Number of protein chains: 2
Amino acid sequence: MTLEGRKKNILQAIIDDYIETAEPVASKSLLSRHQFNLSSATLRNEMSDLEQMGYLEQPHTSAGRVPSDKGYREYVDSLMRIDHLSDVQEEEIRQRINSSFSELAQLLKNASSTLSEQTGYISVALTPRLRSSYLKQLKMMMIEPGKVLVVVVLSAGVVKDKLVRIPDFLTAEQLFEVSNAIELGLCGLSLEDITLVTITSAVKDTPIPDAILNQVLFEAYTAIKQADHLELYMDGSHRLLSLPEFRDVDRAKNVFDTLSRDGIVAGYLDNLSGRKAPDGTYMIRIGQEIALQGMSDCSFVTTTYNVDDKIVGNIGVIGPKRMDYSKVVSQMNFVRVLIDKHLKNDNNRTEDIG
Amino acid sequence: MTLEGRKKNILQAIIDDYIETAEPVASKSLLSRHQFNLSSATLRNEMSDLEQMGYLEQPHTSAGRVPSDKGYREYVDSLMRIDHLSDVQEEEIRQRINSSFSELAQLLKNASSTLSEQTGYISVALTPRLRSSYLKQLKMMMIEPGKVLVVVVLSAGVVKDKLVRIPDFLTAEQLFEVSNAIELGLCGLSLEDITLVTITSAVKDTPIPDAILNQVLFEAYTAIKQADHLELYMDGSHRLLSLPEFRDVDRAKNVFDTLSRDGIVAGYLDNLSGRKAPDGTYMIRIGQEIALQGMSDCSFVTTTYNVDDKIVGNIGVIGPKRMDYSKVVSQMNFVRVLIDKHLKNDNNRTEDIG
DNA sequence: ATTTAGCACTCGAAGACCTTGAGTGCTAAG
DNA sequence: CTTAGCACTCAAGGTCTTCGAGTGCTAAAT
């Protein structure tokens, strides 16, 4: 069931206005801001219909109308047109993102802060899910006796490392041998397939004494497992307090409390599935649809960036339900495209991105 | 000029009460909460004196008294007694901090979140100032053609690395040679002494073609410089909204805006100098004394942890001026001690911290 | 010379009450 | 089906009042 012509236009106009003003939209003010060939009375009738259909809500009898979650849903699904960014905006974003260093973490931090700055809302970026990427190299570099840097190179071109301790009687030569054995045994295995069991069996018939091997194995294992760890970068939480809907401290607190709970948002993004845009690029959750405690006053817009065909991560924007969806979607998509390009070029070693 | 006996006790009682209740302290309620052998009238006279002396303020005529910045200053300087943590608390903190991985960043993140959780305020941790540490090792490890991991090992036992690109016609052997030359030329130099000039001259009479050398030099340089970069970890900003003094959105916003401005707090900590506690361990800035925009409703308690004799970093707690200073100081100091031990043991490779 | 009881005074907080006007829904005519 | 007109509703904001917590001062008591 979709909306008929005039009602559709009216609903769109109402939501557009509300997004801009944050004030309940009245029949008259709607008239003055748009060119309907209608009287306010007719408009009122239509608005009353739209309310009955569940697209609008009325804070109280003598107030204008406010979009309901269902109203916003209709809006993002079939009413709004995604505007495209001005050249100036594109250039600005490009500048910021392209100034990233080559590290993935830096790229994502940068993308997140750019996105938050551009939209004025909260932005998040989640590191890619590397479970299904496979191990390409594993090097162990002795920093000093007992202290080793484990460098993990994954198929997607991602490099992670971790400083670990090993027994300090191990010589650099022994370490080199063990490290090679482990690399040889594990190379080509995907992260999700590497467990303490597989890793132990993979190296078990190497000519290295078990005593030494076992001590190093475990550290190598934790280093590899850590590469799989999802990290979330969040930016711009402070901007929430500038929005009229969050002048109420308790509402803001609800959101902050959830966002600051370790792992909640990361876990959420990791499990995302649901309504995508028709073109499959972005995804919008409105109010209750975000099934997270205390987030029902917000909307959450997300998209997926690609490291390679299989390996993906997410970026997203969290703002009030009354967010400027069309701007957010276009900006987020642009940032996503830049991240994709960056990662692609990164792996191909070409220059001049953008 | 320091405070005489009775006034001193009264001031202390008032501030203790205010810290606990967040309500202006009245003569009667003060009487009921403490055992003074005095009437409320006498108390009122004393309180009036204390106000005239600048230690107290009155929000309005018919309200109780509230400590002024000067009052808090007197309190932290000579009134409060630092309480010591219960065994349970100590154990709790120890558990959390000792679960840190060996990476410095992880240790600081962990310390910061522990500190915020324990105090209920905002906590910060700044990575150590490594300017004066010197280069011990510089290794460049070829990940794949054109992609190199630069590992920088510093005197203080700190290891940093950075992924860089180099021209992809360089072979692993060439890279190895160049890297060794750079290491040889720079080893023992402190970070602040390493500039593009010194680095260039340090390697200029090695038998490697300039064309190759120069391309790698710059990347090595940026990797080294990056090791010097200060990183700030902050935790618990959301807790601010639970405090009665920040129910006012605009106050909270002031603080958030400043804290979220990139580099502001890090720069502030980096430049810290001023009133230390008698024993030189911690430092308290109250209200205006924090010379940062919008922070005049807060106090900032900081201390310094040691990586080695010369290399230090900071941790701190930001809360309302009405913070529980004695608890904060003792908790922060305990965390500092744990960090110190961790870092020391880390460099000595001994186990069982705490 | 302090201390204290007593009392008048102040002033914010909270509630009652009123007014205003933006906005609606309904009705009856176009 | 649309619209003009009107009665109705109700939050926001202003004014007034009350209430009481808390003070400062004065004069007596120690």
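Here the structure is a predicted model, which is why all the values come from computation and not from measurement. Chain letters run A, B, ... following the sequence lines, proteins first and then strands; every chain starts at 1.
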Nearest to side-chain heavy atoms of B/Thr42, which nucleotide of C/dT4, D/dT3, D/dC10: C/dT4
Candidate nucleotides C/dC11, D/dT2, C/dA5, ranked by approach to the side chain of B/His60 - the nearest: C/dC11
Where protein sits on nucleotides 13-30 of chain D, one letter per nucleotide: B base, S sugar-phosphate only, - none, heavy atoms under 4.0 Å: --------BSBB------
Check: A/Tyr268 ring centroid to A/Phe300 ring centroid under 6.0 Å: yes
A/Tyr18 ring center near A/Tyr75 ring center (under 6.0 Å): no
Greater than 12 external heavy atoms within 6.0 Å of A/Lys7's NZ: yes
Ion pair check, A/Glu20 and A/Arg33, cut-off under 4.0 Å: yes
Carboxylate-amine/guanidinium contact A/Arg65 A/Glu51, below 4.0 Å: yes
Partner of A/Thr119 by side chain to side chain contact (heavy atoms under 4.5 Å, CB included), out of A/Thr114, A/Val317, A/Val335, A/Asp324: A/Val317
Rounded off to whole Å, could you give me the [atom1]-to-[atom2] distance for the [X] and [N] pair?
X	N	atom1	atom2	result
A/Glu46	D/dC1	CD	P	11 Å
B/Leu31	C/dT4	CG	C1'	12 Å
B/Phe36	C/dT4	CZ	C1'	17 Å

Pick out the pairs of N or O atoms, protein on one side and nucleotides 16-18 of chain C on the other, that lie under 3.5 Å.
none

A/Ile286 backbone acceptor or donor facing A/Glu289 side chain under 3.5 Å: yes
Within-4.5 Å side-chain heavy-atom neighbours: B/Tyr282 and B/Ile284: yes
